[in-house]
Amino acid sequence: MKGLYIHIPFCNSICSYCDFPKMVANEKNKELYINKLIEEIKTKRELLHNITSVYIGGGTPNSINNELLEKLLLSINDILSYSLENTIECNPELLTQSQIDLFNKYNINRVSLGVETINDNIIKQINRHHTKNMVKEKIYLLKDNNINNINIDLIFGFPNETIDDVNNDLDFILSLPITHLSYYSLILEEKTLLYYQINNKIINELDEDLIADMYELIRNRLKNTNFIQYEISNFSLPNYESIHNLLYWNEEEYIGAGMGASSFINNQRITNYKSLKKYLEYKVEDIIDISLEERKKEIFMLGLRKRQGVNIKKYQLEYNENPIIKFNLNKWINNNFLIIDGDYLKINDDKILLSNIIFEEFV
Ligand code: SF4
(Lines give C-alpha, C1' and ligand atoms only; values in the text may rest on other atoms or scores of the structure.)
Protein backbone atom coordinates (compact mmCIF):
# COMPACT_ATOMS: atom_id res chain seq x y z
CA MET A 1 0.00 0.00 0.00
CA LYS A 2 1.30 3.45 -0.87
CA GLY A 3 -0.53 6.79 -0.84
CA LEU A 4 -0.31 10.14 -2.57
CA TYR A 5 -1.45 13.17 -0.58
CA ILE A 6 -1.99 16.46 -2.40
CA HIS A 7 -2.55 19.65 -0.41
CA ILE A 8 -4.64 22.56 -1.69
CA PRO A 9 -4.32 25.27 0.97
CA PHE A 10 -6.99 27.70 -0.20
CA CYS A 11 -10.19 28.52 1.71
CA ASN A 12 -12.79 31.19 1.10
CA SER A 13 -12.79 32.12 4.79
CA ILE A 14 -10.86 30.95 7.84
CA CYS A 15 -12.50 28.90 10.60
CA SER A 16 -11.70 30.12 14.10
CA TYR A 17 -10.19 26.82 15.33
CA CYS A 18 -8.12 25.88 12.29
CA ASP A 19 -4.36 25.48 12.29
CA PHE A 20 -3.96 23.56 9.01
CA PRO A 21 -1.73 25.11 6.33
CA LYS A 22 -4.38 27.28 4.68
CA MET A 23 -4.95 30.78 3.31
CA VAL A 24 -7.35 33.01 1.44
CA ALA A 25 -5.76 33.80 -1.92
CA ASN A 26 -6.44 35.56 -5.21
CA GLU A 27 -6.76 33.75 -8.55
CA LYS A 28 -3.22 34.60 -9.57
CA ASN A 29 -1.68 32.94 -6.52
CA LYS A 30 -3.94 29.93 -6.92
CA GLU A 31 -2.72 29.48 -10.46
CA LEU A 32 0.95 29.87 -9.46
CA TYR A 33 0.39 27.32 -6.72
CA ILE A 34 -1.29 24.70 -8.89
CA ASN A 35 1.48 25.03 -11.49
CA LYS A 36 4.10 24.54 -8.77
CA LEU A 37 2.19 21.60 -7.35
CA ILE A 38 2.08 19.89 -10.74
CA GLU A 39 5.81 20.53 -11.09
CA GLU A 40 6.48 19.03 -7.64
CA ILE A 41 4.45 15.92 -8.47
CA LYS A 42 6.45 15.58 -11.70
CA THR A 43 9.74 15.65 -9.78
CA LYS A 44 8.44 12.84 -7.54
CA ARG A 45 7.27 10.69 -10.43
CA GLU A 46 9.75 7.87 -9.85
CA LEU A 47 8.26 7.38 -6.36
CA LEU A 48 4.69 7.32 -7.62
CA HIS A 49 4.29 3.75 -8.75
CA ASN A 50 1.79 1.27 -7.29
CA ILE A 51 -0.19 4.02 -5.58
CA THR A 52 -3.23 2.54 -3.83
CA SER A 53 -4.89 5.76 -2.65
CA VAL A 54 -4.89 9.43 -3.58
CA TYR A 55 -6.13 12.02 -1.09
CA ILE A 56 -6.64 15.63 -2.17
CA GLY A 57 -7.01 17.56 1.06
CA GLY A 58 -6.79 21.07 2.34
CA GLY A 59 -7.61 23.78 2.88
CA THR A 60 -10.60 23.48 0.65
CA PRO A 61 -9.73 21.70 -2.61
CA ASN A 62 -13.06 22.62 -4.21
CA SER A 63 -12.40 26.34 -3.69
CA ILE A 64 -10.19 26.48 -6.80
CA ASN A 65 -11.82 27.03 -10.18
CA ASN A 66 -12.68 24.13 -12.46
CA GLU A 67 -9.94 24.94 -14.92
CA LEU A 68 -7.23 24.63 -12.25
CA LEU A 69 -8.87 21.59 -10.71
CA GLU A 70 -8.98 19.82 -14.07
CA LYS A 71 -5.37 20.76 -14.81
CA LEU A 72 -4.32 19.13 -11.53
CA LEU A 73 -6.48 16.02 -12.00
CA LEU A 74 -5.25 15.62 -15.57
CA SER A 75 -1.63 15.69 -14.36
CA ILE A 76 -2.25 12.60 -12.19
CA ASN A 77 -4.87 10.98 -14.42
CA ASP A 78 -2.76 7.84 -14.91
CA ILE A 79 -2.55 7.30 -11.14
CA LEU A 80 -6.23 8.08 -10.56
CA SER A 81 -7.21 5.56 -13.21
CA TYR A 82 -5.79 2.57 -11.28
CA SER A 83 -5.61 3.70 -7.63
CA LEU A 84 -8.26 2.00 -5.47
CA GLU A 85 -9.49 4.98 -3.49
CA ASN A 86 -9.35 8.59 -4.69
CA THR A 87 -10.69 11.12 -2.19
CA ILE A 88 -11.25 14.84 -2.44
CA GLU A 89 -12.17 17.02 0.53
CA CYS A 90 -14.96 19.46 -0.24
CA ASN A 91 -16.79 22.28 1.42
CA PRO A 92 -20.51 21.46 0.90
CA GLU A 93 -21.27 25.14 0.39
CA LEU A 94 -19.03 25.31 -2.69
CA LEU A 95 -19.78 21.91 -4.21
CA THR A 96 -21.29 22.14 -7.71
CA GLN A 97 -22.53 19.80 -10.42
CA SER A 98 -19.62 20.79 -12.67
CA GLN A 99 -17.11 19.84 -9.95
CA ILE A 100 -18.82 16.47 -9.52
CA ASP A 101 -18.65 15.96 -13.31
CA LEU A 102 -14.87 16.43 -13.04
CA PHE A 103 -14.70 13.97 -10.15
CA ASN A 104 -16.42 11.36 -12.28
CA LYS A 105 -14.30 12.13 -15.32
CA TYR A 106 -11.08 11.58 -13.32
CA ASN A 107 -12.20 8.65 -11.18
CA ILE A 108 -12.49 10.51 -7.88
CA ASN A 109 -14.57 7.88 -6.12
CA ARG A 110 -14.76 9.25 -2.57
CA VAL A 111 -15.79 12.68 -1.30
CA SER A 112 -15.13 13.93 2.20
CA LEU A 113 -17.36 16.80 3.27
CA GLY A 114 -16.25 19.18 6.02
CA VAL A 115 -19.41 19.73 8.04
CA GLU A 116 -18.15 19.87 11.67
CA THR A 117 -21.62 20.61 13.09
CA ILE A 118 -25.10 21.53 11.91
CA ASN A 119 -25.82 23.81 14.87
CA ASP A 120 -26.40 27.27 13.36
CA ASN A 121 -25.07 29.15 16.40
CA ILE A 122 -21.85 27.15 16.50
CA ILE A 123 -21.44 27.39 12.72
CA LYS A 124 -21.60 31.16 13.07
CA GLN A 125 -19.28 31.19 16.08
CA ILE A 126 -16.56 29.24 14.25
CA ASN A 127 -16.96 31.28 11.04
CA ARG A 128 -18.34 28.59 8.78
CA HIS A 129 -21.27 29.21 6.48
CA HIS A 130 -23.12 26.02 5.52
CA THR A 131 -26.63 25.00 6.52
CA LYS A 132 -28.14 21.65 7.35
CA ASN A 133 -30.23 21.66 4.17
CA MET A 134 -27.24 22.49 2.04
CA VAL A 135 -25.33 19.49 3.41
CA LYS A 136 -28.27 17.18 2.74
CA GLU A 137 -28.81 18.53 -0.74
CA LYS A 138 -25.12 18.08 -1.68
CA ILE A 139 -24.99 14.53 -0.37
CA TYR A 140 -27.95 13.59 -2.57
CA LEU A 141 -26.36 15.41 -5.49
CA LEU A 142 -23.23 13.26 -5.07
CA LYS A 143 -25.35 10.11 -4.85
CA ASP A 144 -27.37 11.08 -7.92
CA ASN A 145 -24.05 11.28 -9.72
CA ASN A 146 -22.90 7.84 -8.57
CA ILE A 147 -20.46 9.03 -5.93
CA ASN A 148 -21.59 6.78 -3.14
CA ASN A 149 -18.54 6.66 -0.91
CA ILE A 150 -19.06 9.77 1.20
CA ASN A 151 -17.35 10.80 4.43
CA ILE A 152 -18.47 13.53 6.76
CA ASP A 153 -16.07 15.25 9.14
CA LEU A 154 -17.63 16.33 12.42
CA ILE A 155 -16.13 17.95 15.51
CA PHE A 156 -17.45 17.88 19.08
CA GLY A 157 -16.41 19.93 22.10
CA PHE A 158 -16.97 23.42 20.68
CA PRO A 159 -17.43 26.19 23.28
CA ASN A 160 -21.11 26.42 24.36
CA GLU A 161 -21.91 23.02 22.81
CA THR A 162 -24.25 20.80 24.81
CA ILE A 163 -25.00 17.08 24.87
CA ASP A 164 -28.29 17.89 23.09
CA ASP A 165 -26.34 19.60 20.30
CA VAL A 166 -24.22 16.49 19.80
CA ASN A 167 -27.36 14.36 19.78
CA ASN A 168 -28.86 16.63 17.13
CA ASP A 169 -25.73 16.40 14.97
CA LEU A 170 -25.84 12.61 15.28
CA ASP A 171 -29.59 12.45 14.47
CA PHE A 172 -28.96 14.40 11.30
CA ILE A 173 -25.83 12.55 10.21
CA LEU A 174 -27.38 9.16 10.80
CA SER A 175 -30.31 10.08 8.59
CA LEU A 176 -27.96 10.53 5.62
CA PRO A 177 -26.70 7.90 3.15
CA ILE A 178 -23.02 8.21 4.05
CA THR A 179 -20.42 5.46 4.37
CA HIS A 180 -17.87 7.02 6.72
CA LEU A 181 -17.77 9.40 9.64
CA SER A 182 -14.71 11.09 11.11
CA TYR A 183 -15.71 12.55 14.46
CA TYR A 184 -12.92 14.50 16.15
CA SER A 185 -12.71 16.16 19.51
CA LEU A 186 -11.91 19.87 19.14
CA ILE A 187 -8.23 20.56 19.66
CA LEU A 188 -7.45 24.05 20.83
CA GLU A 189 -4.42 25.09 18.82
CA GLU A 190 -2.24 28.10 19.52
CA LYS A 191 -2.23 30.86 16.91
CA THR A 192 -5.94 30.38 16.16
CA LEU A 193 -8.70 32.90 16.73
CA LEU A 194 -10.45 30.47 19.06
CA TYR A 195 -7.31 30.17 21.20
CA TYR A 196 -7.22 33.96 21.49
CA GLN A 197 -10.94 34.10 22.34
CA ILE A 198 -10.61 31.49 25.06
CA ASN A 199 -7.39 32.90 26.47
CA ASN A 200 -8.99 36.33 26.71
CA LYS A 201 -12.15 34.92 28.26
CA ILE A 202 -14.31 36.06 25.34
CA ILE A 203 -15.55 32.46 25.05
CA ASN A 204 -15.38 29.70 27.64
CA GLU A 205 -13.73 26.39 26.90
CA LEU A 206 -15.86 23.30 27.55
CA ASP A 207 -15.32 21.27 30.64
CA GLU A 208 -13.18 18.13 30.09
CA ASP A 209 -15.75 15.84 31.72
CA LEU A 210 -18.45 17.11 29.39
CA ILE A 211 -16.19 16.46 26.39
CA ALA A 212 -15.58 12.90 27.68
CA ASP A 213 -19.36 12.42 28.03
CA MET A 214 -19.84 13.61 24.46
CA TYR A 215 -17.30 11.09 23.19
CA GLU A 216 -18.99 8.27 25.08
CA LEU A 217 -22.37 9.35 23.72
CA ILE A 218 -21.04 9.33 20.16
CA ARG A 219 -19.52 5.87 20.56
CA ASN A 220 -22.60 4.46 22.23
CA ARG A 221 -25.02 5.84 19.69
CA LEU A 222 -22.92 4.63 16.78
CA LYS A 223 -22.68 1.17 18.35
CA ASN A 224 -26.41 0.82 17.74
CA THR A 225 -26.03 1.48 14.01
CA ASN A 226 -24.25 -0.24 11.14
CA PHE A 227 -21.21 1.96 11.70
CA ILE A 228 -18.13 0.25 13.09
CA GLN A 229 -15.54 2.19 15.03
CA TYR A 230 -12.22 1.24 13.47
CA GLU A 231 -10.07 4.02 14.91
CA ILE A 232 -10.30 6.40 17.87
CA SER A 233 -12.12 9.04 15.81
CA ASN A 234 -13.24 7.12 12.73
CA PHE A 235 -16.34 5.05 12.01
CA SER A 236 -17.41 3.37 8.80
CA LEU A 237 -19.94 1.00 7.33
CA PRO A 238 -18.43 -2.49 6.84
CA ASN A 239 -15.72 -2.44 4.10
CA TYR A 240 -15.73 1.35 3.85
CA GLU A 241 -12.74 2.03 6.12
CA SER A 242 -10.59 4.70 4.51
CA ILE A 243 -7.75 3.01 2.64
CA HIS A 244 -5.76 6.23 2.74
CA ASN A 245 -6.16 6.93 6.47
CA LEU A 246 -5.23 3.33 7.27
CA LEU A 247 -1.90 3.92 5.52
CA TYR A 248 -0.90 6.38 8.22
CA TRP A 249 -1.92 4.14 11.11
CA ASN A 250 -0.27 1.11 9.50
CA GLU A 251 3.05 2.94 9.00
CA GLU A 252 2.90 2.48 5.23
CA GLU A 253 4.65 4.81 2.81
CA TYR A 254 3.07 7.95 1.40
CA ILE A 255 4.21 10.80 -0.77
CA GLY A 256 2.96 14.30 -0.02
CA ALA A 257 2.85 17.24 -2.40
CA GLY A 258 1.94 20.85 -1.71
CA MET A 259 2.39 23.47 0.98
CA GLY A 260 3.08 21.88 4.38
CA ALA A 261 2.64 18.34 3.02
CA SER A 262 4.70 15.48 4.44
CA SER A 263 6.05 12.31 2.87
CA PHE A 264 7.13 9.15 4.60
CA ILE A 265 9.32 7.18 2.25
CA ASN A 266 12.52 5.11 2.54
CA ASN A 267 12.51 5.67 6.31
CA GLN A 268 12.57 9.45 5.94
CA ARG A 269 9.91 11.99 6.84
CA ILE A 270 10.12 14.95 4.48
CA THR A 271 8.03 18.06 5.08
CA ASN A 272 7.42 20.98 2.75
CA TYR A 273 7.32 24.58 3.92
CA LYS A 274 3.99 25.88 5.20
CA SER A 275 4.38 29.35 3.70
CA LEU A 276 3.26 30.00 0.13
CA LYS A 277 6.28 32.13 -0.68
CA LYS A 278 8.74 29.41 0.39
CA TYR A 279 6.69 26.68 -1.21
CA LEU A 280 6.73 28.52 -4.52
CA GLU A 281 10.52 28.60 -4.28
CA TYR A 282 10.13 24.90 -3.57
CA LYS A 283 12.20 24.46 -0.51
CA VAL A 284 11.82 21.40 1.67
CA GLU A 285 11.64 22.50 5.31
CA ASP A 286 12.68 19.33 6.99
CA ILE A 287 14.09 15.88 6.29
CA ILE A 288 14.17 13.55 9.27
CA ASP A 289 15.69 10.09 9.18
CA ILE A 290 13.48 7.69 11.08
CA SER A 291 15.64 5.21 12.98
CA LEU A 292 14.61 1.59 13.35
CA GLU A 293 13.86 2.16 17.06
CA GLU A 294 11.62 5.15 16.29
CA ARG A 295 9.84 3.17 13.64
CA LYS A 296 9.11 0.36 16.09
CA LYS A 297 7.62 2.85 18.57
CA GLU A 298 5.51 4.44 15.84
CA ILE A 299 4.08 1.06 14.91
CA PHE A 300 2.49 1.03 18.37
CA MET A 301 1.74 4.76 18.73
CA LEU A 302 -0.14 4.80 15.44
CA GLY A 303 -1.33 1.20 15.31
CA LEU A 304 -2.98 1.26 18.73
CA ARG A 305 -5.25 4.03 17.42
CA LYS A 306 -6.97 1.32 15.36
CA ARG A 307 -9.60 -0.68 17.19
CA GLN A 308 -8.06 -3.80 15.66
CA GLY A 309 -4.76 -2.88 17.31
CA VAL A 310 -1.24 -3.93 16.31
CA ASN A 311 -0.38 -7.30 14.83
CA ILE A 312 2.21 -8.40 17.39
CA LYS A 313 2.85 -11.71 15.67
CA LYS A 314 3.88 -9.87 12.51
CA TYR A 315 6.05 -7.51 14.60
CA GLN A 316 7.75 -10.44 16.28
CA LEU A 317 8.50 -12.15 12.96
CA GLU A 318 9.78 -8.94 11.37
CA TYR A 319 11.97 -7.73 14.22
CA ASN A 320 12.71 -10.98 16.03
CA GLU A 321 11.77 -9.59 19.45
CA ASN A 322 8.76 -9.70 21.73
CA PRO A 323 7.19 -6.21 21.78
CA ILE A 324 5.45 -6.86 25.09
CA ILE A 325 8.80 -7.36 26.80
CA LYS A 326 10.60 -4.70 24.77
CA PHE A 327 8.08 -1.96 25.59
CA ASN A 328 7.31 -3.24 29.07
CA LEU A 329 3.63 -3.66 28.24
CA ASN A 330 2.78 -6.39 30.75
CA LYS A 331 1.65 -3.84 33.34
CA TRP A 332 -0.86 -2.45 30.84
CA ILE A 333 -2.11 -5.93 30.05
CA ASN A 334 -2.36 -6.82 33.75
CA ASN A 335 -4.41 -3.73 34.54
CA ASN A 336 -6.68 -4.39 31.55
CA PHE A 337 -5.75 -1.29 29.56
CA LEU A 338 -4.41 -3.47 26.77
CA ILE A 339 -5.76 -6.83 25.69
CA ILE A 340 -4.41 -9.56 23.42
CA ASP A 341 -6.95 -10.62 20.82
CA GLY A 342 -5.55 -13.38 18.59
CA ASP A 343 -2.45 -12.01 16.87
CA TYR A 344 -3.33 -8.45 17.87
CA LEU A 345 -2.66 -6.22 20.86
CA LYS A 346 -5.31 -3.54 21.29
CA ILE A 347 -6.66 -0.98 23.72
CA ASN A 348 -9.56 -2.30 25.77
CA ASP A 349 -12.86 -0.83 24.62
CA ASP A 350 -13.65 0.84 27.95
CA LYS A 351 -10.18 2.44 28.13
CA ILE A 352 -10.24 4.27 24.80
CA LEU A 353 -10.81 7.58 26.54
CA LEU A 354 -7.48 7.07 28.29
CA SER A 355 -5.54 6.14 25.13
CA ASN A 356 -3.13 9.04 25.54
CA ILE A 357 -1.73 7.55 28.74
CA ILE A 358 -0.73 4.45 26.80
CA PHE A 359 0.65 6.42 23.85
CA GLU A 360 3.03 8.21 26.24
CA GLU A 361 4.71 4.86 26.84
CA PHE A 362 6.05 5.06 23.26
CA VAL A 363 7.16 8.71 23.17
S1 SF4 B 1 -12.30 25.16 5.73
FE2 SF4 B 1 -10.98 23.63 6.69
S3 SF4 B 1 -8.89 24.20 6.15
FE4 SF4 B 1 -10.20 25.98 5.70
S5 SF4 B 1 -10.07 27.23 7.51
FE6 SF4 B 1 -11.86 25.91 7.77
S7 SF4 B 1 -11.09 24.09 8.86
FE8 SF4 B 1 -9.33 25.20 8.06
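Both counts, for ligands and for their atoms, begin at 1 and track the order of listing. Numbering of residues begins at 1 and proceeds along the displayed sequence. These numbers come from the heavy atoms of this one structure, side chains and all, not from hydrogens, waters or symmetry mates.
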Handout entry: From CA spacing to verdict: ring pair (Phe, Tyr, Trp, His ring centres under 6.0 Å), F300, Y315
Key = CA-CA 10 Å; F300 281 85; Y315 178 101; 5.5 Å; yes
List ligand 1 atoms under 4.0 Å from [X], heavy atoms only on the residue side.
X	answer
R128	1 (S), 6 (Fe), 7 (S)
C11	1 (S), 3 (S), 4 (Fe), 5 (S)
C18	3 (S), 5 (S), 7 (S), 8 (Fe)
C15	1 (S), 5 (S), 6 (Fe), 7 (S)

Problem - Sole candidate of K42, K44, K36 that passes salt bridge (charged side-chain N to carboxylate O under 4.0 Å, His left out) when paired with E40 - result: K44
Handout entry: Atom pair CG (N91) and NZ (K138), whose distance is rounded to the nearest 0.5 Å
Key =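 Reported to 0.5 Å precision, the distance equals 8.5 Å.
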Completion exercise
Separation between CG (L102) and CG (N62), nearest 0.5 Å, reads 11.0 Å
Problem - Nearest neighbour in protein (non-hydrogen) for atom 3 (S) of ligand 1 - result: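 Of every protein heavy atom, G59 N, 3.2 Å lies nearest to atom 3 (S) of ligand 1.
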Exercise for the section: Tell me which protein heavy atom sits closest to atom 1 (S) of ligand 1, plus the residue, atom name and distance to 0.1 Å. Expected result: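 Result for atom 1 (S) of ligand 1: T60 OG1, 3.6 Å.
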Exercise for the section: Could you tell me if the ring centre of F10 sits under 6.0 Å from that of Y33? Expected result: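 Here the rings of Y33 and F10 have centres that are less than 6.0 Å from each other.
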